[in-house]
Undergrad: 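Mind looking over this structure? Questions follow.
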Amino acid sequence: MTFDFLHDTTKYPIHPAAMVLAGAVLLCVPACGDDASPAGAPSGQGNVTGVVARQKTGDGIANAIVALVGDETVAAVAVTDAAGQFGFSDVPAGDYTARLVGLELTGLSLLHTAFEPLQQSLTVSGEPVDLVFAAVGLVPGKVVGELRCGGLPVEGAKLRVVGGATDARVETGGLGRYSASDLAEGSYTVMVEQAPCAVQPPHRVVSLRPGQSVSADFEG
């Protein structure tokens, strides 16, 4: 099996850090050879090509790493070129999963970007296989809500939002509303630190998906 991207850096220019990571994957995980196919599996070889690009503009994304996995073993890795294209040649017939890894090497803000999908199943049976991974722009996630005492909105109440690498303090405005923005996916605890009344419960736990806005209100 040959993988042109590892040898032809003119056709497939890659970031040095990406090349190191790609080499590490190959060294750490045994490669799938032609003899690894189970009895009865499809025979022959095929080429797998694809592109990683922005969904909105179609612009290719360079330095994304695609791992080709078969039988829970990494068969090979490829790195996208300046046009976002990648390829695997002479792949033994069989079932595989193509996975995007090492996305931090693309230079994209992972807080503002999601990839659809992150992995794809495919079957090599002699015919060319073409894959597309789309980068979708996201509005950063946020937690919003309001705080009321006796049914009236409270201005100037202080709250704290904690989760992952985030530890932010926010304050309610004139309508008793607050907002904590630029949050990554994950779980957050929203705590009331200062208010003119006792609120119950004094804290709430919320789960945030990429680009999502969730509410956590308080009443006292």
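Atoms considered below: every heavy atom in the structure, side chains included; atoms not considered: hydrogens, waters and symmetry mates.
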Undergrad: Show the nearest heavy-atom pair for residues Leu100 and Pro117, with the distance to one decimal.
TA: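 In this case the closest contact between Leu100 and Pro117 is CD1-O, 4.1 Å.
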Undergrad: Table please: side-chain donor-acceptor pairs of residues 193-206 below 3.5 Å, with sequence neighbours left out.
TA:
{"unit_1": "Glu193", "atom_1": "OE1", "unit_2": "Arg169", "atom_2": "NE", "d": "3.2"}
{"unit_1": "Arg204", "atom_1": "NE", "unit_2": "Asp217", "atom_2": "O", "d": "2.6"}
{"unit_1": "Arg204", "atom_1": "NH2", "unit_2": "Asp217", "atom_2": "O", "d": "3.4"}

Undergrad: Would you kindly say whether Asp95 and Thr123 are connected by a side-chain donor-acceptor distance under 3.5 Å?
TA: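 Indeed, the side chains of Asp95 and Thr123 share at least one donor-acceptor pair under 3.5 Å.
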Undergrad: Name all residues meeting the salt bridge (charged side-chain N to carboxylate O under 4.0 Å, His left out) criterion together with Arg177; count only those two or more places apart in sequence or in a different chain, and write none if there are none.
TA: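 Partners of Arg177 under the salt bridge (charged side-chain N to carboxylate O under 4.0 Å, His left out) test: Glu146.
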Undergrad: Would you give the length of the straight line joining atom CZ of Phe115 to atom CD of Gln55, rounded to the nearest 0.5 angstrom?
TA: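 One finds 11.5 Å between CZ of Phe115 and CD of Gln55.
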Undergrad: Would you kindly confirm whether Val69 and Ile65 end up in one hydrophobic cluster when ILVMFWY residues are joined by side chain heavy atoms under 4.5 Å apart?
TA: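 In one cluster with Val69: Ile65, yes.
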Undergrad: To which residues is Met191 joined in a hydrophobic cluster, defined by side-chain heavy-atom contacts under 4.5 Å among Ile, Leu, Val, Met, Phe, Trp and Tyr, whether direct or through other members?
TA: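 For the cluster that includes Met191, the remaining residues are Val162.
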Undergrad: What closest approach, in Å, do Val190 and Tyr178 show between heavy atoms, and which atom pair accounts for it?
TA: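 Closest pair (atom of Val190, atom of Tyr178, distance): CG1-OH, 3.6 Å.
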Undergrad: Can you name the closest pair of heavy atoms from Val144 and Ser179 and give their distance?
TA: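 In this case the closest contact between Val144 and Ser179 is CG1-OG, 3.6 Å.
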Undergrad: Does a side chain donor of either Thr49 or Asp130 reach within less than 3.5 Å of an acceptor in the other side chain?
TA: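 Yes, because at least one side-chain N or O of Thr49 sits under 3.5 Å from a partner of the opposite role on Asp130.
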Undergrad: Can you tell me if Thr57 and Asp59 form a side-chain donor-acceptor pair at under 3.5 Å?
TA: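 The criterion, which ignores hydrogens and geometry beyond distance, is satisfied for Asp59 and Thr57.
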Undergrad: Following the transitive rule for hydrophobic clusters with a side-chain heavy-atom cut-off under 4.5 Å over Ile, Leu, Val, Met, Phe, Trp and Tyr, establish whether Leu131 and Leu118 coincide in one cluster.
TA: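 Yes, one cluster joins them.
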Undergrad: With a 4.0 Å cut-off, would you call Arg209 and Glu185 a salt bridge?
TA: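 So Arg209 does not pair with Glu185 through a salt bridge.
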Undergrad: Inspect the contact between Asp167 and Arg160 and indicate whether a charged nitrogen and a carboxylate oxygen are less than 4.0 angstrom apart.
TA: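 Yes.
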Undergrad: If every non-hydrogen atom of Val154 is compared with every non-hydrogen atom of Thr172, which pair is closest and at what distance?
TA: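 Of all heavy-atom pairs spanning Val154 and Thr172, the closest is O-OG1, 2.7 Å.
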Undergrad: Working to the nearest 0.5 Å, report the span between CD of Gln119 and CZ of Phe133.
TA: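 Reported to 0.5 Å precision, the distance equals 8.5 Å.
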Undergrad: Quick check: closest heavy atoms across Ser121 and Thr97, and the distance to 0.1 Å?
TA: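 Looking at all heavy atoms of both residues, the closest pair is OG-OG1, 4.2 Å.
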Undergrad: Kindly give the heavy-atom pair with the smallest separation between Leu147 and Ala157, and that separation in Å.
TA: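 Reported closest heavy-atom pair: CD1-CB, 4.0 Å.
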